[in-house]
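These notes are about the structure you will find just below.
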Amino acid sequence: MSKSNKNQKSITSFFKNPGQTTTATNDPVPSKTKPSPTVEMMEIKKEKEDVPKLLSSSPPPGPAPASTVKAVLSPKKPTAAVVPTIQRKPTHETEWINLSDRFLLNNRNFDVQYAHLYAERLGSMRKIVTKAAENRWNSKVPLKKMNDLVLDEECVLIGILFKQMILKPSIVKQLATENGFNLQPPRKRYVDPSDKLVLEEESQRIVLDGKIDVNQFVTGIVIAVLGHEDDKGVFIVKDYCFKELTIPKQITPTKDEKYVLFASGFLLSETSTIFNQLESLTNSLAQATNIESTPVKTILSNIIRFVVAGNLIESSNRLKDTTNQAKYLTRKMAASSVEAMQSIDELFDKIATVTDIDIIPGVNDPSCHMLPQQPLHPCMFPTSSKRKTTHCLTNPYDFQIGDLRLLGTSGQNIDDIDLQSTIDSRVQILENCLTWGNISPTCPDTLSCYPYVNNDPFIIHETPHVFFAGNQPKFETRLFKGPNDIQVRLICIPSFAQSNTCVALNLNTLECQEISFENQVPQLIQ
Amino acid sequence: MSKSTKRQRKLEDMFADSSTKRIKENDGNTPNSDKHTVVHTTRTASTVKKIPEDDLEILRQFDLDMSFGPCTGISRLDRYERAVRHELDPPVRVLELINLYPNDRQITHSIWRDYTL
């Protein structure tokens, strides 16, 4: 086995297990890592064996992502190499099914470029977008490739958008300066009036102009444009469209009222001031029947899941001061993030006694920086991970409760789109991500992500019923109504450290309400 | 180099490089298609079966065809699978060649195989 394979094994086997166990996390950590090295070995061996036996289908790899299937390499029938996780039938009405397998990274190969991710995005969405284009503008308008463009002829082009922005921070420009300093301070938005949209295909690109507002778009969206090429070589857009939304499954209402509570952004550190509010939260959940106000009482006593959408601790930027000091001075100092994680662990332990808790890493959390962020390791939650009700999951997080399908992130994707465009409403950005068909279109351009080759896990193949994002500046929600009676609840979860509120979602009616824990008594915010 | 004495032959076996060693495995019974797998070093290029230039050209054209996406960094098989997945009708001959020579890096990897990121 080569050296790199060995290293990959040790790193991936360390991080592999948290995401695997979707139910019991009762076993202590050492026993969990035992089965993984052999599984890794089997996977690596199988990949090598597959090369000679090409015309027969190879068995799907081990117990790890059950959703991926290797291609049947007969030249006649094309089959998907990676099947996107499809909604499954629940066995009882509030069963939780984790569909985030595609976000788990098993073998990490950084020897490839990001061009493959874009090729995969365009290639897998091209057919769906073509169908949407045919439905919108009848088939009389020809669908063309860029090298077949004829001057002034109206046609449809399909490609990926690229936004040329001069203010976008570029490492190349930074390195070109003498000292390698940042050429500009970080801005709130990198938008400039001179920004241009370019449509890219596999082999060519063309500048877009016309009825397409540059400030409303970002890089990485797969789009179909209707228009014509003018004599300057610019494509004048008359109309555009994206992939059509698939119709989500009809939800059958449950007998009793069930709620899911969303929270994000605790931002714990040694200077946190929200401990009273956190205590109010845990007390309200534990003793929900003692609450006087009836609507709050019904909500808090019927919570079946508590989803924490990222940013459990404060960002560790302040720790950089200690790295400049001599080692002997900082030897006995514990990083503030360690204490913060301990407080989080105690908090989650109390909550886990009442309801199932899903922990998604955010931008400040000790998980990998690039999307998709891998689940936080249970060793960071020594007390709470012993309970079966604690689950550590990936960011983005795709899951199903009964017939309801939910999809969401810790907010990095929304924040990044906000930086690159002038879309002012965060819930509008959520809606746009849904209509564009991608959880995070700016990956990998301005938001770092893993260099995928065989699939793009950010494509939204199946429309969820609920689409949420954590760590947003304020609570906003909207019921998006699409064609074919599609209704999607869009939720922007506010940061708890600032707002002291959580969001409760009614699973039957898809209504969303904000509950404040600022005082000892929880209150509904109207 | 004289191979007369036993002692000299023993020394040769220990210190000589493989190109001067007598190649014993390659007897008349091995079929032609397996001969290419018997490769000792790059200097024994004469024992490697010559891959027809036309086939290499087909592979080269498959690499350079932009409609199948970028070709660097991934094996030809991965790229072929991706093309099949996206219904782009890649030439079947590429798959056949990859099947025939699964261990030959010249076939399984793209023309940019020797250049890293």
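Note: hydrogens, waters and symmetry copies are ignored here, and every other heavy atom, side chains too, is used. Keep in mind the model is a prediction, meaning the values are calculated, not measured. In what follows, every chain begins at residue 1, and chains take the letters A, B, ... in the order their sequences are listed.
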Review point. Taking B:Ser67, B:Gly69, B:Gly73, B:Pro70 one by one, which has the highest count of heavy-atom pairs under 4.5 Å against chain A?
Key: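 Of the options given, most contacts go to B:Pro70.
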Exercise for review: Go through B:Arg85 and A:Glu120 one step at a time and tell me if the side chain to side chain contact (heavy atoms under 4.5 Å, CB included) criterion holds.
Suggested key: CA-CA 10 Å; B:Arg85 208 164 53 231; A:Glu120 185 59 44; 2.5 Å; yes
Review point. Which value, rounded to the nearest 0.5 Å, describes the distance between A:Gln113 atom CD and B:Ile74 atom CD1?
Key: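 CD1 of B:Ile74 is found 11.0 Å from CD of A:Gln113.
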Review point. To the nearest 0.5 Å, how far apart are NE2 in B:His86 and CE in A:Met125?
Key: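 Between B:His86 NE2 and A:Met125 CE, I get 11.5 Å after rounding to 0.5 Å.
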Point to revise | Closest contact, heavy atoms only, B:Met66 versus A:Ser203 | key: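 Here B:Met66 and A:Ser203 meet closest at CB-CB, 3.8 Å.
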Check your understanding: Going by an N to O cut-off under 4.0 Å, is there a salt bridge joining B:Glu87 and A:Arg126?
Key ->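 No salt bridge links B:Glu87 with A:Arg126.
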Check your understanding: Yes or no on side chain to side chain contact (heavy atoms under 4.5 Å, CB included) for B:Arg82 and A:His116, after CA distance, side-chain angles and deciding distance?
Key -> CA-CA 10 Å; B:Arg82 179 172 75 197; A:His116 299 288; 3.0 Å; yes
Exercise for review: Measure distances from A:Lys127 to the heavy atoms of chain B and classify the residue's part below 4.5 Å as side chain, backbone, both or neither.
Suggested key: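 Just its side chain gets close to chain B.
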Point to revise | Proximity breakdown for A:Glu201 and chain B, heavy-atom pairs closer than 4.5 Å | key: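 Neither the backbone nor the side chain of A:Glu201 comes within 4.5 Å of chain B.
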Point to revise | Chi angles and distances behind the side chain to side chain contact (heavy atoms under 4.5 Å, CB included) call for A:Asn454, B:Glu81 | key: CA-CA 9 Å; A:Asn454 290 321; B:Glu81 282 179 38; 5.5 Å; no
Practice item. Keeping to residues at least two apart or across chains, list the salt bridge (charged side-chain N to carboxylate O under 4.0 Å, His left out) pairs with something in residues 443-456 of chain A. Key: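 Counting only pairs at least two positions apart or across chains, the salt bridge (charged side-chain N to carboxylate O under 4.0 Å, His left out) contacts touching residues 443-456 of chain A are A:Arg121-A:Asp456, A:Lys168-A:Asp445.
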